[in-house]
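A short worksheet on the structure shown next.
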Amino acid sequence: MDSAEVLKEIAEQVTVCEKCNLHFSRKKAVPGEGPSSVELMFIGEGPGFYENELGRPFVGQAGKFLDELLARAGVSREKVFITNVVKCRPPGNHDPEPEELSACRGYLERQIEALNPRVIVTLGRFSMAHFLPYAKISSAHGKATWVNGRLVVAMYHPAAALHQPSLQETVLEDFSHLPEFIKLAQKTQAGHVISASAAVDPAESTTQPAPAQPHTEQHSLLDILPDQAVEPPAPPADDPDDSGPVQLSLF
Ligand code: SF4
């Protein structure tokens with residue numbers, strides 16, 4: 001089965017999925033959309049009002065802002081895959097519950113495996129936590145970390161900036177570095193690796209020659225490097241993105 005067929009199969013399964021309680025209240029599940037082969041994948045938190053109506057990701061105000069951010073970064077939305085960690089809208093726009101995240105995790109992991117992106121941009125703390133469960137978005141945003149051979153770039157959710165205008169400059173600044181992260185990932189493909197032992201700041205990043213014996217040990221997507229485990233998993237109470245899947249609550 002090729003990647004397009006796998007993604008189609010996942011979308012069909014998501015559409016009728018009843019693995020968690022979110023299926024009771026959803027109107028349309030939102031599997032995600034984009035080409036079947038991408039270099040860049042975006043992962044948000046959960047569908048909002050318009051997403052639930054249309055069955056498409058990021059079509060509300062947060063989606064419009066994401067489109068603007070992508071345009072500023074010179075990235076075409078048509079060339080990226082966009083999805084969420086939970087594919088159905090939580091009622092009342094609540095934060096995804098652990099059991100909902102857990103029930104939906106397999107779909108996301110299969111999408112990542114099928115797409116095989118070099119760069120994954122997480123939008124908001126729940127998608128970041130999928131890869132970096134101990135990170136705080138207030139310190140991890142705008143940085144990239146190698147996770148299981150992919151460059152994971154943590155960003156605030158676009159709707160966080162709509163909630164808090166003071167965050168807009170930060171979000172714009174973080175997205176402005178996206179082309180640099182893509183280039184860094186491409187350099188890695190060309191035979192260079194970036195230190196996998198620490199988060200990468202685009203302004204400080206350096207490349208190193210690839211090791212003679214490439215590291216081939218397989219890790220799960222949740223594996224992180226020990227020195228990244230610096231914070232407990234609970235998000236800070238004063239985190240600007242603490243309102244959870246803010247894409248949900250606004251629109
Ligand atoms: S959120 Fe995910 S696990 Fe829950 S019903 Fe929807 S597709 Fe299934």
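Hydrogens, waters and symmetry mates play no part in the numbers below; they use all other heavy atoms, side chains included. In each ligand, atom 1 is the first atom listed, and ligand 1 is the first ligand listed. Since this is a predicted model, take the numbers as computed values, not measurements. All residue numbers in this chain count up from 1 along the given sequence.
- Atoms of ligand 1 lying under 4.0 Å from any heavy atom of Arg26, numbered from 1 in the order shown and given with element: 5 (S), 6 (Fe).
- Between the side chains of Gln13 and Lys8, no donor-acceptor pair is found at a separation under 3.5 Å.
- Within the protein, the number of N, O or S atoms lying under 2.8 Å from atom 2 (Fe) of ligand 1 is 1.
- Applying the side chain to side chain donor-acceptor pair (under 3.5 Å) rule to pairs touching residues 24-33 yields Lys27-Glu53, Glu33-Arg56, sequence neighbours excluded.
- Classification of Asp67 and Arg72 as a salt-bridged pair fails, no side-chain N sitting under 4.0 Å from a carboxylate O.
- Ligand 1 lies nowhere less than 4.0 angstrom from a heavy atom belonging to Gln13.
- In this structure, Glu39 does not pair ionically with Lys79, as no charged nitrogen and carboxylate oxygen lie closer than 4.0 Å.
- Side-chain contact between Thr170 and His141 is present, with heavy atoms from C-beta onward closer than 4.5 Å.
- In this structure, the ring of Phe65 has its center no less than 6.0 angstrom from the ring center of His157.
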Item checked: Criterion side chain to side chain contact (heavy atoms under 4.5 Å, CB included) on Ile120 and Ile112, from CA distance to verdict -> CA-CA 9 Å; Ile120 292 175; Ile112 293 168; 4.1 Å; yes

